[in-house]
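Not measured: the values here are computed from a predicted model. Residue numbers start from 1 in every chain, and the chains themselves are labelled A, B, ... in the order their sequence lines are given, proteins ahead of strands. When reading the values below, keep in mind they use all heavy atoms of this one structure, side chains included, and skip hydrogens, waters and symmetry mates.
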Amino acid sequence: MRTLSIFNSLTRTVEKFEPLNPPLVTYYSCGPTVYSRQHLGNMRSYLFADTLKRALEFDGFTVRHVMNITDVGHMTSDADAGEDKVEMAAHAEGRSPQELAARYTQAFLGDLEQLNVEPAEVYCRATDHITDMIGLIGRIIERGYAYVAPSGVYFDVVRYRACGRSVAEAKGSGRPGRLSRQRLEEQHSAQRLEHAPDKRSPHDFALWVLNQPRHLMQWDSPWGRGYPGWHVECSAMAMKYLGETIDLHSGGIDHIPIHHENEIAQSESATGKPFARYFVHNAFLVGSEGAKISKSAGRFPVLDDLVAAGINPLAFRLFCFAAKYRSELGFSLDALKAAERNLYYLWGFTKVARPEQPDAPFARDYYERFAEALNDDLNTPRALAAALELVAEAYRRSDLRVWQTLTALDRVMGLRLEAQLNYVRASRLPDDIQALVDRRTRARAERNFELADQLRQELVARGYEVRDRRDGSSSYAPRWS
RNA sequence: GGCGGCGUACCCAAGUGGCUAAGGGAGAGGUCUGCAAAACCUCGAUUCGUCGGUUCGAUUCCGACCGCCGCCUCCA
């Protein structure tokens, strides 16, 4: 078994990854709040999570991956006027929150499928786990880290941050958050003045929201009718499916200061145990001007936009694979097109590959390079370079026996090479296309190149790729599925 | 105000205290081909935002500056 080194946000260093009970890895990654389409920036995160999971599997681990689908409780802010994102969007679209959530959940899963993301072992909806959340909140209250106020049950951030010294002492000088390294008093609190007046501190966050009669989704709880806060579903569901201490937790870099900090706080104050042993965060996809692509900024491309532009979704997958997860990635059509060229380069190899033969010895070096790069904190760009050079080397040597290696690498890259091979091999030409092919073959035999070229143009226009070989034979295949 | 990050060729993007600064795209030239396409070969940053410092030696470490970005309010 190889050892993955990965940057752990908890320690801010690259560490050897060692799960609690190998070969099992318990992995929780943050899923979407389903009130809108997930844009390409979001998709980068899910692709990153997928690559991380595939890398662990490449190394021989068995990954149990849990992803949340948050369909309630995600507020637009923590102020009084904060509204539930799902309910707000539902209202705007004239649907029920349930309909809206179901619709965007489907769209989300469809996107993952198009990107060839391995399905998680468990997708869990927040609304299916209300009792788990209530149980967790109860434990937090018992341990003294949450309190009940008229407007809700709040996590007592000041008490938690005090951790080992008196609350009074900690007030205004609490220890910095483990992930964000921010001290409470250093945070810009001007924006938080609108907070619920019965909160003890502006930093406290809601575990359970009470007395919001206009809210549609409500459940009974020991503290009254209401609904859960945003972060608590992740803690509750992660623990339910993976245990009180999980191996690995990932998400976007923006989750470091709020969501994950809060998850850790509420989880560990409930259990007294470490919540996650490794936290891993991916950087943003940014627009051409270097600004992040964000939902709140309004317009942002979604996967369907790429498809509409004629770009294969897997090109986006490869595009993300070609950059390190911890670096910002600059999105542009040119850059995406470059990735698409690489995709077609690898797919094109299926037309000449020798899947029935064992690999030539030279393939081994490239496999090793790929594995080494991958395990070096997921250096996917270097891994990709190894894969591309493997194919180039095969062409160069005119020794095309590298298929076993290439497909092994593709179990991490996820470009569906195997499926592409089957597709290319299985596809028979439709009769009308075959007729054109026959006519062209005849024309070429008669050295009537004018007609042959005309027929080639026709075939290309119909979506077929024409490749004449040196020996005079030709291949006609649909231009990529 | 606090926390964090970035600046490598036309574009995307790795990387290292000193071996030729990965790889890809685009571009130029070539091989092959009836011509294409595909594939392969060659070329391409004497240089890594700027200025200092440490060092025998820095793109890589330190400092300052310039520029860009994220977070501290929902955000992958």
Side-chain angles (χ1 to χ4, degrees), chain A residues 12 29-33 35 38-49 74-79 82-83 85 176-177 180-192 194-195 230 250-259 281-297 318-319 322-324 326-342 344-345 348-349 351-352 369 373 379-389 391-392 394-398 444 447-450 452-453 456-457 460 465-470 472 474-475:
Chain A
R12 302 171 60 82
S29 73
C30 283
T33 298
Y35 67 98
Q38 296 288 294
H39 56 66
L40 292 179
N42 298 318
M43 298 325 291
R44 183 186 187 195
S45 273
Y46 305 121
L47 284 171
F48 158 65
H74 196 156
M75 301 295 136
T76 53
S77 78
D78 68 347
E83 288 187 74
K85 287 188 164 191
S180 68
R181 305 159 52 126
Q182 285 236 285
R183 291 177 179 283
L184 295 181
E185 74 273 17
E186 286 166 344
Q187 291 180 17
H188 193 57
S189 59
Q191 303 272 338
R192 287 178 165 259
E194 292 293 318
H195 70 88
W230 173 37
S250 76
I253 199 169
D254 53 327
H255 279 332
I256 289 177
I258 307 283
H259 184 55
H281 295 96
N282 66 280
F284 282 127
L285 180 71
V286 299
S288 44
E289 328 77 26
K292 84 165 178 174
I293 298 168
S294 87
K295 283 184 197 175
S296 33
L318 187 56
F319 171 70
K324 280 212 67 178
R326 287 200 281 135
S327 300
E328 278 185 353
L329 172 56
F331 178 79
S332 71
L333 208 58
D334 281 352
L336 202 57
K337 286 260 166 69
E340 193 176 35
R341 292 286 304 167
N342 284 159
Y344 290 152
Y345 175 75
F349 189 71
K351 289 174 180 169
V352 296
R369 276 178 55 194
N379 194 324
T380 51
R382 243 170 57 211
L384 173 63
L388 292 172
E389 287 176 47
V391 174
Y395 278 124
R396 198 176 303 130
R397 289 174 180 247
S398 294
R444 292 187 72 218
R447 302 192 69 77
N448 182 353
F449 294 120
E450 202 178 327
D453 289 352
R456 174 170 61 203
Q457 273 185 9
V460 169
E465 189 184 51
V466 177
R467 289 191 190 184
D468 295 336
R469 300 201 186 85
R470 227 172 279 190
S474 307
S475 84

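- If you take OH of Tyr35(A) and C1' of A76(B), they are 11 Å apart, rounded to a whole angstrom.
- Put simply, the side chain of Arg456(A) and the base of C35(B) share a donor and an acceptor less than 3.5 Å apart.
- Across all strands shown, the partner of C56(B) is G18(B), judged by Watson-Crick or G-U wobble contacts whose two distances both fall under 3.5 Å.
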| request: Would you check, one step at a time, whether the test side-chain contact (heavy atoms from CB on, under 4.5 Å) holds for Leu40(A) with Phe319(A)? | output: CA-CA 11 Å; Leu40(A) 292 179; Phe319(A) 171 70; over 6 Å; no

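- In the set A13(B), A14(B), A76(B), the nucleotide with an atom closest to the side chain of Lys324(A) is A14(B).
- Positionally, the nearest nucleotide of RNA chain B for Ala323(A) lies more toward the 5' end than for the other of Ala323(A) and Arg447(A).
- Spacing of P atoms, C43(B) relative to G5(B), comes out at 39 Å, to the nearest Å.
- Not counting sequence neighbours, Ala338(A) has no partner by the side chain to side chain contact (heavy atoms under 4.5 Å, CB included) test.
- Minimum interatomic distance between Ala283(A) and Glu328(A) (heavy atoms only, all atoms of both residues): CB-N, 3.7 Å.
- Spacing between atom CZ of Phe331(A) and atom P of C68(B) amounts to 23 Å, rounded to whole angstrom units.
- Rounded to whole Å, atom P of C11(B) lies 17 Å from atom CG of Leu336(A).
- In this structure, Asp468(A) atom CG and C35(B) atom P are separated by 11 Å, rounded to whole Å.
- Contacts of Thr380(A) classified as side chain to side chain donor-acceptor pair (under 3.5 Å), with partners at least two apart in sequence or in another chain: none.
- Once the 5.5 Å centre distance and the 30° plane angle are applied, the aromatic ring of Tyr395(A) is found not to be stacked with the base of A39(B).
- Side-chain contact between Pro32(A) and Tyr46(A) is present, with heavy atoms from C-beta onward closer than 4.5 Å.
- Looking at Leu384(A) and Leu318(A), their side chains come closer than 4.5 Å, going by heavy atoms from C-beta outward.
- For the pair Asn448(A) CG and A36(B) P, the computed distance is 18 Å after rounding to whole Å.
- Under the Watson-Crick or G-U wobble criterion, with both distances below 3.5 Å, A39(B) is paired with U31(B).
- Contact between the side-chain N/O atoms of Arg326(A) and the OP1/OP2 oxygens of G4(B) is not found at any separation under 4.0 Å.
- Here, A13(B) and U8(B) have their C1' atoms 9 Å apart, quoted to the whole Å.
- Put simply, CG on Leu318(A) is 14 Å from P on A13(B), counting in whole angstrom units.
- Atom CG in Leu285(A) sits roughly 13 Å away from atom C1' in G70(B) (whole-Å rounding).
- Ser327(A) comes within contact range of the sugar-phosphate backbone alone, with a heavy-atom separation under 4.0 Å but no base atom that close.
- For Asp453(A), the side-chain atoms get nearest to C35(B) when compared with the rest of G15(B), A76(B), C35(B).
- Every residue two or more places apart in sequence or in another chain that forms a side chain to side chain contact (heavy atoms under 4.5 Å, CB included) with Tyr395(A) is listed here: Tyr345(A), Phe349(A), Val352(A), Val391(A), Leu400(A).
- Taking only side-chain atoms of Arg396(A), from C-beta outward, the nucleotide of A37(B), C41(B), C12(B) with the closest atom is C41(B).
- For C65(B), the paired nucleotide is G49(B), the pair qualifying as Watson-Crick or G-U wobble because both relevant distances are below 3.5 Å.
- Atom CZ of Phe449(A) and atom P of G34(B) are 7 Å apart (whole Å).
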Reading nucleotides 18-32 of chain B from 5' to 3' and marking B where a protein heavy atom lies under 4.0 Å of the base, S where only the sugar-phosphate is that close, and - otherwise, the string is ----BSSSS-----S

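- More than 12 heavy-atom neighbours from other residues, nucleotides or ligands sit within 6.0 angstrom of CZ on Arg326(A).
- Heavy atoms only, all atoms of each residue included: Ile253(A) and His281(A) are closest at CA-CB, 3.9 Å.
- Straight-line distance between the C1' atoms of C48(B) and C61(B): roughly 16 Å, to the nearest whole Å.
- Of the nucleotides present, G70(B) is the one that pairs with C3(B) by Watson-Crick or G-U wobble criteria, both distances under 3.5 Å.
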Which protein N or O atoms sit under 3.5 Å from an N or O of nucleotides 6-9 of chain B?
none

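- The side chain to side chain donor-acceptor pair (under 3.5 Å) search around Arg44(A) returns none, not counting sequence neighbours.
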